[in-house]
Amino acid sequence: MFKFIPYILKSLWRHRARTLLTVSGTAVALLVFCFIGAVQQGLLALTATEDAGRTLIVFQENRFCPQSSRLPQDYERTISKITGVKDVVPIKVFTNNCRASLDSIVFQGIQPEKLKAWRDFDLQSGDFTSFAAQDDAALVGVDIATRRGLKVGDKFTIGDVSVVVRGVFQSATAAENNLVFTQLEFLQRARGANEVGTVTQLEVHLNDSADPQKIAKQIDQVFKTGPVATTTRTKGMFQADTLADLAELIGFVHWLGYACVGLVLSLVATTTVMAVQDRIKEHAVLQTLGLRPSRVFALVITESLLLSTLGGILGVVGSTLLLSSSGMSVAAEGVTIAFEPSFVLAIQGVLIAIVVGILAGIAPGWQAARTEIVPALRHA
Amino acid sequence: MSLVYVTNVTKEYANGEEMIRPLDGVSLSIDEGDFVSLMGASGSGKSTLLNLIAGIDQVTSGEIVVAGTDITKLSRGKLADWRAAHIGYIFQTHNLIPVLTAYENVELPLLLLPMSGAERRKRVEIALEAVDLTSRVTHYPRQMSGGQEQRVGIARAIVANPTVVVADEPTGSLDDETTEQILQLLERVNNELSMTLLMVTHDADAGSRAKRKIRLERGKLMENGKDTKTAQLRTA
Ligand SMILES: Nc1ncnc2c1ncn2[C@@H]1O[C@H](COP(=O)(O)OP(=O)(O)O)[C@@H](O)[C@H]1O
Ligand SMILES: [Mg+2]
């Protein structure tokens with residue numbers, strides 16, 4: 001069958017306008033498919049990591065936007081005393097946009113020593129010491145740095161917060177590449193005098209043997225009658241709750257991904273049907289020379305497979321380039337979903353293109369293989 | 001011993017209510033190395049008989065044995081393999097593959113046979129030489145004249161060294177001068193390459209170039225004014 005590959009390629013090239021349109025249509029559809037998949041994976045990544053199930057977030061009861069949650073910072077001491085708690089990280093969160101946005105910037109004010117202990121990142125530029133030594137210093141996630149064109153030494157301002165970039169970091173957790181870390185006290189003061197001594201949330205790290213659900217209940221119990229009541233959830237639950245609206249939307253967009261696959265199927269099938277109808281006589285000649293009907297079927301399938309696989313590869317490569325170069329993300333209420341290319345998604349995209357190519361070729365291939373030779377030879 | 005035996009072959013088509021029977025109990029045998037012309041009026045069933053012998057059409061009843069194989073009993077796939085090995089088909093309108101060069105068109109039948117690349121190259125070169133087209137190997141069909149295209153078509157039909165070469169009106173769409181060239185070429189294929197040739201034509205001049213001439217009339221085969229069936233019965 002490989003001996004016929006040049007013939008198939010030349011046939012595709014003969015109708016290059018049609019071939020190109022089909023391949024590019026397939027590429028665009030697969031690009032969208034992979035993009036949607038990446039958004040979905042970003043959402044899953046927030047709730048699926050081990051850290052998401054073992055770390056607790058303490059938030060003010062019935063509050064959602066980080067601006068509106070205000071917990072006394074000294075809750076830290078009370079929580080630290082609970083058995084099973086390893087460490088408590090007080091965090092002040094500030095964001096330029098609480099609603100769902102593609103360009104929201106989320107600041108997390110964290111004490112430098114806690115930042116070092118509980119955040120896993122590599123500095124691409126700058127250094128940690130100069131960050132820790134400077135009051136208004138910031139470490140900027142690589143995706144924000146790319147999006148906003150920031151580098152070490154730059155000063156940038158969001159609302160009434162002005163910081164100087166002292167480092168650009170790449171985090172192991174994709175969503176964190178969309179964060180800006182500052183000193184806790186700085187962010188507290190920057191938001192006005194009445195914010196001093198309050199934090200947005202407390203991140204509670206547990207010992208390996210501790211039961212997260214039990215401790216969460218315990219924490220909420222302790223503060224039930226306190227100055228500010230709390231809601232404590234695992235980090236995964238907290239993020240899922242915060243992004244519930246967005247998650248619903250993303251779940252719906254998922255169907256658009258399947259629609260893209262359907263689109264590719266009909267596009268490639270249409271082109272293949274046209275190619276077969278153009279070549280009724282040619283296939284009859286090949287059969288006269290001794291090509292088996294099953295081989296005619298294989299020829300048609302191969303042609304449709306080439307079209308969709310080529311389009312699929314271009315679409316997957318395109319989406320990978322787009323996702324990795326743009327550092328795109330969507331955030332709501334201080335929680336970010338990062339859109340990341342992934343190997344699994346790329347393989348999935350190409351496999352889908354292959355399967356769709358085969359499916360699209362079956363009907364026209366069958367038609368071509370069943371064609372009676374003599375009437376087809378009389379065909380104009 | 002003949003190479004081709006057509007025994008009591010009938011072919012019918014349903015045309016609405018009415019039945020058309022272009023072949024009505026036709027019998028014929030063709031000897032190895034013969035050059036047979038099959039003539040008759042338009043619509044007399046010449047192409048139908050040729051296509052049955054070439055294994056691209058199915059009989060309604062009867063038997064066709066070529067080189068010991070009853071081809072009416074073969075499945076579609078097996079019949080295709082059989083054609084690849086035993087039949088060279090020359091079409092009226094060459095029917096070359098437009099996206100392939102002259103060389104690639106001639107090579108096509110060999111791709112269906114178990115053969116090394118070197119062997120293929122050798123055979124294609126010999127076939128192209130036989131039709132005197134060695135200077136046109138990289139040309140595409142649209143870059144050639146009608147006569148050249150038909151010569152490529154002949155090269156393609158003989159390249160695999162088939163048991164029988166069939167030609168359906170091979171000069172039907174050519175001018176007189178080119179017709180003469182093609183007929184001479186077919187005579188050479190028969191004489192010098194010793195290939196068995198069956199040529200359908202409605203042109204009496206072309207038909208007269210064959211060693212043996214038969215006619216189809218009203219569903220029956222006639223040779224020298226007699227029904228071939230009776231002629232065959234006599235020799236049997
Ligand atoms: N597929 C078909 N359906 C119905 N009738 C057909 C078909 N093919 C051929 N015929 C009829 O069979 C007869 C013989 O056709 P053909 O063998 O092509 O004649 P010739 O080649 O001698 O001109 C004609 O009357 C033609 O109309
Ligand atoms: Mg005819």
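Every chain is numbered from 1, with letters handed out A, B, ... down the list of sequences. Note that this is a predicted model, so its numbers are computed, not measured. Both backbone and side-chain heavy atoms feed into the values below; hydrogens, waters and symmetry mates do not.
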A.B. asks: Between OG of B:Ser37 and CZ of B:Arg215, what distance do you get to the nearest 0.5 Å?
C.D. replies: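 Between atom OG of B:Ser37 and atom CZ of B:Arg215 there are 9.5 Å.
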A.B. asks: Side chain, backbone, both or neither: which part of B:Leu111 has a heavy atom under 4.5 Å from chain A?
C.D. replies: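 For B:Leu111, the contact with chain A is made by backbone and side chain together.
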A.B. asks: Where the side chain of B:Arg156 meets the backbone of B:Leu108, is there a donor-acceptor pair that is under 3.5 Å apart?
C.D. replies: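 No; judged by distance alone, with no hydrogens or angles, the pair does not exist.
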A.B. asks: Considering only heavy atoms, which portion of B:Gln58 lies under 4.5 Å from any heavy atom of chain A: side chain, backbone, both, or neither?
C.D. replies: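 For B:Gln58, the contact with chain A is made by the side chain alone.
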A.B. asks: What option among B:Ser47, B:Ala160, B:Pro98, B:Ala157 has the most heavy-atom pairs under 4.5 Å with chain A?
C.D. replies: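 Top option by heavy-atom pairs under 4.5 Å: B:Pro98.
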A.B. asks: Please flag which part of A:Arg295 lies under 4.5 Å from any non-hydrogen atom of chain B: side chain, backbone, both or neither.
C.D. replies: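 Only the side chain of A:Arg295 comes within 4.5 Å of chain B.
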A.B. asks: Checking A:Ser294 against chain B: side chain, backbone, both or neither under 4.5 Å from a heavy atom?
C.D. replies: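 Neither part.
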A.B. asks: What's the shortest heavy-atom distance between A:Thr288 and A:Ile373, and which atoms?
C.D. replies: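 Residues A:Thr288 and A:Ile373, closest heavy atoms: OG1-CG2, 3.4 Å.
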A.B. asks: Checking heavy atoms, do the side chain of B:Leu113, its backbone, both or neither come under 4.5 Å from chain A?
C.D. replies: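 Only the backbone of B:Leu113 comes within 4.5 Å of chain A.
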A.B. asks: Closest heavy-atom contact between B:Gly45 and B:Leu23?
C.D. replies: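 Shortest heavy-atom separation between B:Gly45 and B:Leu23 comes out as O-CD2, 3.8 Å.
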A.B. asks: Among B:Ile97, B:Val99, B:Thr93, which has the most heavy-atom pairs under 4.5 Å with chain A?
C.D. replies: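 Among the listed options, the one with the most contacts to chain A is B:Val99.
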A.B. asks: Tell me, side chain or backbone of B:Asn51 under 4.5 Å from chain A's heavy atoms, or both, or neither?
C.D. replies: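 The side chain, not the backbone.
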A.B. asks: Between B:Glu107 and chain A, with a heavy-atom cut-off of 4.5 Å, which part of the residue counts as in contact: side chain, backbone, both or neither?
C.D. replies: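 Neither part, no heavy atoms under 4.5 Å.
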A.B. asks: Any ion pair linking A:Asp278 and A:Arg14 (charged N to carboxylate O, less than 4.0 Å)?
C.D. replies: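 A salt bridge is absent here (no side-chain N lies under 4.0 Å from a carboxylate O).
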A.B. asks: Shortest non-hydrogen contact from A:Leu289 to B:Leu112?
C.D. replies: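 Taking A:Leu289 first and B:Leu112 second, the nearest heavy atoms are O-CD1, 3.5 Å.
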A.B. asks: Do NZ/NE/NH1/NH2 and the carboxylate oxygens of B:Arg123 and B:Glu119 come within less than 4.0 Å?
C.D. replies: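 Salt bridge: yes.
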